[in-house]
> 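This is the structure I have questions about; it appears just below.
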Amino acid sequence: YEVIVQTPQKLYVHGETISLTVDAAYYFGQPVSGADVVLNVYPTYPEDYFYGEEGSRFGYPIFTDEGHTDAQGQWTVLVSTADVFHKGSRSRHAMLALEATVTDDSGQSVSSYQTVVVRRTSRGLTLLLEQHGYQPDEEITFSAQVRDRNGEPVSDVELTAQVLGWDQQEVASSKA
């Protein structure tokens with residue numbers, strides 16, 4: 001039989017709930033009903049360079065759940081994204097592998113997974129400076145781009161820019 005893990009979207013914002021559906025069906029079309037389902041959610045944080053050049057790896061599960069498929073061979077569960085980012089984490093986004101293992105009456109297990117991205121915020125800010133360094137008392141000119149979760153531009157957003165000195169004290173600020 002085949003197991004398919006599905007989510008309604010591929011991108012979530014921290015704090016949103018993921019509705020996950022596991023669909024198990026024999027290759028001849030009959031649903032795998034009454035089967036045990038185990039869900040494990042594994043995170044990885046792509047911009048955390050802990051693993052060096054080999055890239056990020058999925059860690060230990062941050063969420064597990066168990067259930068049974070219904071008469072149509074499906075099991076639906078809600079997964080919270082509230083605990084995706086651990087305290088002190090500076091990651092801007094995480095990738096989650098949502099892995100479901102279905103075990104039928106004969107004891108045969110089949111696993112499948114779906115990946116989703118969880119962003120820390122619903123908007124992103126890009127700051128574009130005209131040069132890399134500035135002299136004391138030189139005017140700093142820049143532009144900013146704000147985009148929504150789908151990468152589309154957002155307008156009418158109030159921004160405050162601060163220039164901090166070496167001691168983290170504010171040297172200048174501006175609102176736009």
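If you're wondering where the values come from, they're calculated on a predicted model, not measured in any experiment.
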> Calculate, to the nearest 0.5 Å, the distance between atoms CD and CZ belonging to E152 and R123 respectively.
13.5 Å
> Apply side-chain contact (heavy atoms from CB on, under 4.5 Å) to residues L96 and I62 and explain how you reach the verdict.
CA-CA 10 Å; L96 301 180; I62 59 170; 4.1 Å; yes
> In terms of hydrophobic clustering (I, L, V, M, F, W, Y; side-chain heavy atoms under 4.5 Å; direct or indirect links), are V77 and V41 co-clustered?
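Linked, V77 and V41 end up in one cluster.
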> Check D105 against G34 and note the closest heavy-atom contact, atom names and distance.
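Closest approach of D105 to G34, heavy atoms only: OD1-O, 4.3 Å.
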> Between T103 and S109, do the side chains contain an N or O donor and an N or O acceptor separated by less than 3.5 Å?
yes
> Within a strict 4.5 Å, meaning less than it, do heavy atoms of the Q114 and L20 side chains meet?
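They are not in contact (no side-chain heavy atoms under 4.5 Å apart), so the answer is no.
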> With a cut-off of 6.0 Å (strictly less than), are more than 12 heavy atoms of other residues, nucleotides or ligands near CG of D148?
yes
> Quickly, which of D23, V5, V102 forms a side-chain contact (heavy atoms from CB on, under 4.5 Å) with S112? Name it, please.
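Only one option passes, and that is V5.
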> OH of Y42: more than 12 outside heavy atoms within 6.0 angstrom?
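Check passes, neighbour count above 12.
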> How far apart are the closest heavy atoms of D104 and S106, and which atoms are they?
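Looks like OD1-OG, 2.7 Å.
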> Can any side-chain N or O of H14 pair as donor or acceptor with the backbone N or O of A82 at less than 3.5 Å?
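Here the side-chain-to-backbone pair exists.
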> Is the count of non-hydrogen atoms from other residues, nucleotides or ligands lying under 6.0 Å from R147 atom CZ greater than 12?
yes
> Say you draw a straight line from OG1 of T115 to CE of M95; how long is it, rounded to the nearest 0.5 Å?
5.0 Å
> Heavy-atom count around D167 CG within 6.0 Å, excluding the residue itself: above 12?
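Counting other residues, nucleotides and ligands, CG of D167 exceeds 12 neighbours.
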> To the nearest 0.5 Å, tell me how far Y1 OH sits from T69 OG1.
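One gets 9.0 Å once the value is rounded to the nearest 0.5 Å.
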> Among D83, L39, I18, find the one that has a side-chain contact (heavy atoms from CB on, under 4.5 Å) with F63.
L39
> Taking atom CD of E170 as the centre, report whether more than 12 heavy atoms of other residues, nucleotides or ligands fall under 6.0 Å from it.
yes
> Could you tell me which non-hydrogen atom of A71 sits nearest to which non-hydrogen atom of P31, and how far apart they are?
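Where A71 meets P31 most closely, the heavy atoms are O-CG, 3.3 Å.
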> How long is the gap from OH on Y27 to CD on E2, to the nearest 0.5 Å?
5.5 Å
> Are V38 and V3 joined in one hydrophobic group, where the rule is that I, L, V, M, F, W and Y side chains link up if heavy atoms are under 4.5 Å apart?
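In one cluster: no.
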> Honestly curious: do L127 and I140 fall in one hydrophobic cluster under the side-chain, below-4.5 Å linking rule?
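Yes; tracing contacts between hydrophobic side chains, which count when under 4.5 Å, links both residues.
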> Honestly curious: do I4 and V32 fall in one hydrophobic cluster under the side-chain, below-4.5 Å linking rule?
no
> Under a 4.5 Å side-chain heavy-atom rule over Ile, Leu, Val, Met, Phe, Trp and Tyr, are F85 and V79 clustered together?
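Shared cluster, yes.
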> Keeping the roles fixed (side chain from T21, backbone from Q6), state whether a donor-acceptor pair exists under 3.5 Å.
no
> At their closest point, which heavy atom of G67 faces which heavy atom of W75, and how far apart are they?
CA-NE1, 3.5 Å
> side-chain contact (heavy atoms from CB on, under 4.5 Å), that's the test. Do L164 and Q169 meet it? Break it down for me.
CA-CA 5 Å; L164 303 178; Q169 297 296 316; over 6 Å; no
> So, for P8 and S19, which heavy atoms are closest and what is the spacing to 0.1 Å?
CD-O, 3.0 Å
> About how many Å separate CZ of R119 and CD of E16, when rounded to the nearest 0.5 Å?
11.5 Å
> State, to 0.1 Å, how close Q9 and V116 come at their nearest heavy-atom pair, and which atoms those are.
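Heavy atoms only, the tightest pair is O-CG1, 3.8 Å.
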> To the nearest 0.5 angstrom, please state how far the OH atom of Y12 sits from the OG1 atom of T81.
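The distance works out to 9.5 Å.
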